[in-house]
Amino acid sequence: MTRRARRLVDFDAPSDVVARALIGATLQVDGVGGVIVETEAYDQADAASHTFMGPTARNAAMFGPSGHAYVYRSYGIHWCLNFTCRPSGHGAGVLIRALEPRTGVDEMRLRRGVDDPRLLCAGPGRLGQALGISMAHYGLPLDRPPFFVAAPDAAVEVVAGPRIGISKAVEAPWRFGLKDSRFLSRPFGRAVDAA
DNA sequence: CTTTCGATGATCT
DNA sequence: GATCATCGAAAGG
């Protein structure tokens, strides 16, 4: 079977640029994944970011090289997946908030305990569970197994808006989504093009 | 449809 | 001791 050459994602850029570029990209973990439809950007100069207060044990990955996984536990329950970005040592990352399931969907259903494809990966906690994310993935590079990341094959329509679930810097429009996707964690209020 | 609230534990002050 | 980059169930319109 012929497989198109993988288009690489450039993680060596500011987090909002990377977050936008990841919409429409393919993400797989051990072959389970799909198309990224929702991301959020975080940066050290950002009161809502885990890196705002500087380096700690938890956020060390975001002060390491770009293009690696940053994993954290959310509300003591969920595993959330981020991609580190920016030139190394800048404390920036992109939260992967939702994807459209394409491969390993039955495995996702087993892990999630639900059937509806729209509820498998719509939200960072759900996505982490569906993809089997854990601290075992912390700091791993994204350009080789178990990860597979490929940039979009074609141009996609991207919208932007305020981030979700934060209490600081709430107005910054650093949430990005695939326009009109049915697999978002929540719809975008005013669809502002993020060209 | 909406709002409210408990779960659950690491992290940081 | 307070705060979470969340989710799902329950209760109310």
Side-chain angles (χ1 to χ4, degrees), chain A residues 11 14-23 25 27 29 36-64 66 68-86 90-101 108-140 142 158-178 181-189 194:
Chain A
F11 291 102
S15 54
D16 59 325
V17 173
V18 176
R20 194 221 165 281
L22 282 170
I23 301 301
L27 162 65
V29 181
I36 296 173
V37 298
E38 183 179 341
T39 61
E40 281 179 358
Y42 291 87
D43 188 271
Q44 188 172 6
D46 166 15
S49 173
H50 289 167
T51 57
F52 185 58
M53 302 298 189
T56 66
R58 174 175 68 159
N59 66 27
M62 284 193 284
F63 288 96
S66 61
H68 288 240
Y70 164 56
V71 176
Y72 72 96
R73 194 107 134 119
S74 176
Y75 290 87
I77 302 172
H78 306 101
W79 296 106
C80 296
L81 174 65
N82 300 251
F83 296 166
T84 65
C85 57
R86 210 109 190 268
H90 285 249
V94 174
L95 173 65
I96 311 302
R97 285 194 57 92
L99 66 75
E100 175 178 338
M108 293 188 199
R109 288 197 172 102
L110 283 173
R111 289 168 173 165
R112 291 273 302 119
V114 298
D115 284 339
D116 187 346
R118 294 196 195 192
L119 296 180
L120 292 176
C121 299
R126 291 163 169 169
L127 185 152
Q129 186 179 26
L131 270 51
I133 296 299
S134 73
M135 283 303 278
H137 298 98
Y138 190 98
L140 295 185
L142 299 171
V158 179
V159 293
R163 292 173 293 181
I164 292 176
I166 56 175
S167 62
K168 300 177 179 179
V170 295
E171 287 303 318
W174 291 333
R175 174 181 179 231
F176 300 89
L178 180 62
S181 171
R182 311 190 324 278
F183 297 91
L184 299 172
S185 67
R186 283 174 44 180
F188 281 74

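Letters go in sequence order (proteins before strands), and every chain restarts at 1. All values derive from a computational prediction rather than experimental measurement.
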Taking the side chain from A:Thr51 and the backbone from A:Ala92, do they hold a donor-acceptor pair closer than 3.5 Å?
no
Classify A:Ser167 by what it touches in the nucleic acid, base, sugar-phosphate, or nothing, heavy-atom distance under 4.0 Å.
sugar-phosphate
Find the distance A:Tyr75:OH to C:dT3:C1' and express it as a whole number of Å.
8 Å
Consider the side chain of A:Arg112, meaning its heavy atoms from C-beta on, and name the nucleotide among B:dA7, C:dG8, C:dA5 that approaches it most closely.
C:dG8
Report the distance from atom CH2 of A:Trp79 to atom C1' of B:dG9, rounded to the nearest whole Å.
10 Å
Between A:Arg111 (side chain only) and A:Ala130 (backbone N and O only), is there a donor and an acceptor less than 3.5 Å apart?
yes
Which whole-number value in Å describes the distance from A:Arg58 CZ to C:dT3 C1'?
10 Å
When we call it a touch if two heavy atoms are under 4.0 Å apart, what does A:Ile77 touch: a base, just sugar-phosphate, or nothing?
base
With both distances under 3.5 angstrom, what nucleotide forms a Watson-Crick or G-U wobble pair with C:dG12?
B:dC1
Taking a pair to mean Watson-Crick or G-U wobble geometry with both distances below 3.5 Å, C:dA5 pairs with none
For the pair made of CG in A:Leu95 and C1' in C:dC4, what is the distance, rounded to whole Å?
13 Å
Nucleotide of B:dA7, B:dT13, C:dC7 approaching A:Pro124 most closely (side-chain heavy atoms):
C:dC7
Between C:dC7 (P) and A:Arg73 (CZ): distance, integer Å:
14 Å
Does A:Arg112 use its side chain to pair, donor to acceptor, with the backbone of A:Gln129 at less than 3.5 Å?
no
Counting side-chain heavy atoms from C-beta on, which of C:dA5, B:dA7, C:dT6 comes nearest to A:Ser74?
C:dT6
Spacing between A:Met53 atom CE and C:dA2 atom C1', to the nearest angstrom
13 Å
Ignoring hydrogens and geometry, is there a side-chain-to-backbone donor-acceptor pair from A:Tyr70 to A:Phe63 under 3.5 Å?
no
Within this structure, what is the NE2-to-P distance between A:His50 and B:dT11, rounded to whole angstrom?
11 Å
Round to a whole Å and report the spacing from NZ of A:Lys168 to C1' of C:dA5.
13 Å
Select base, sugar-phosphate, or nothing to describe what A:Arg163 touches, counting heavy atoms under 4.0 Å on all strands.
nothing
So, does A:Arg109 use its side chain to make a donor-acceptor pair with the main chain of A:Asp115 at under 3.5 Å?
yes
Please determine if a side-chain N or O atom of A:Thr56 lies less than 4.0 Å away from the OP1 or OP2 oxygen of B:dT11.
no
Closest of C:dC7, C:dA5, B:dC12 to the A:His78 side chain is C:dC7
Using a cut-off of less than 4.0 Å, is there contact between a side-chain N or O of A:Arg97 and OP1 or OP2 of C:dT6?
yes
Which part of the nucleic acid does A:Gly125 contact within heavy-atom distance under 4.0 Å: base, sugar-phosphate only, or nothing?
sugar-phosphate
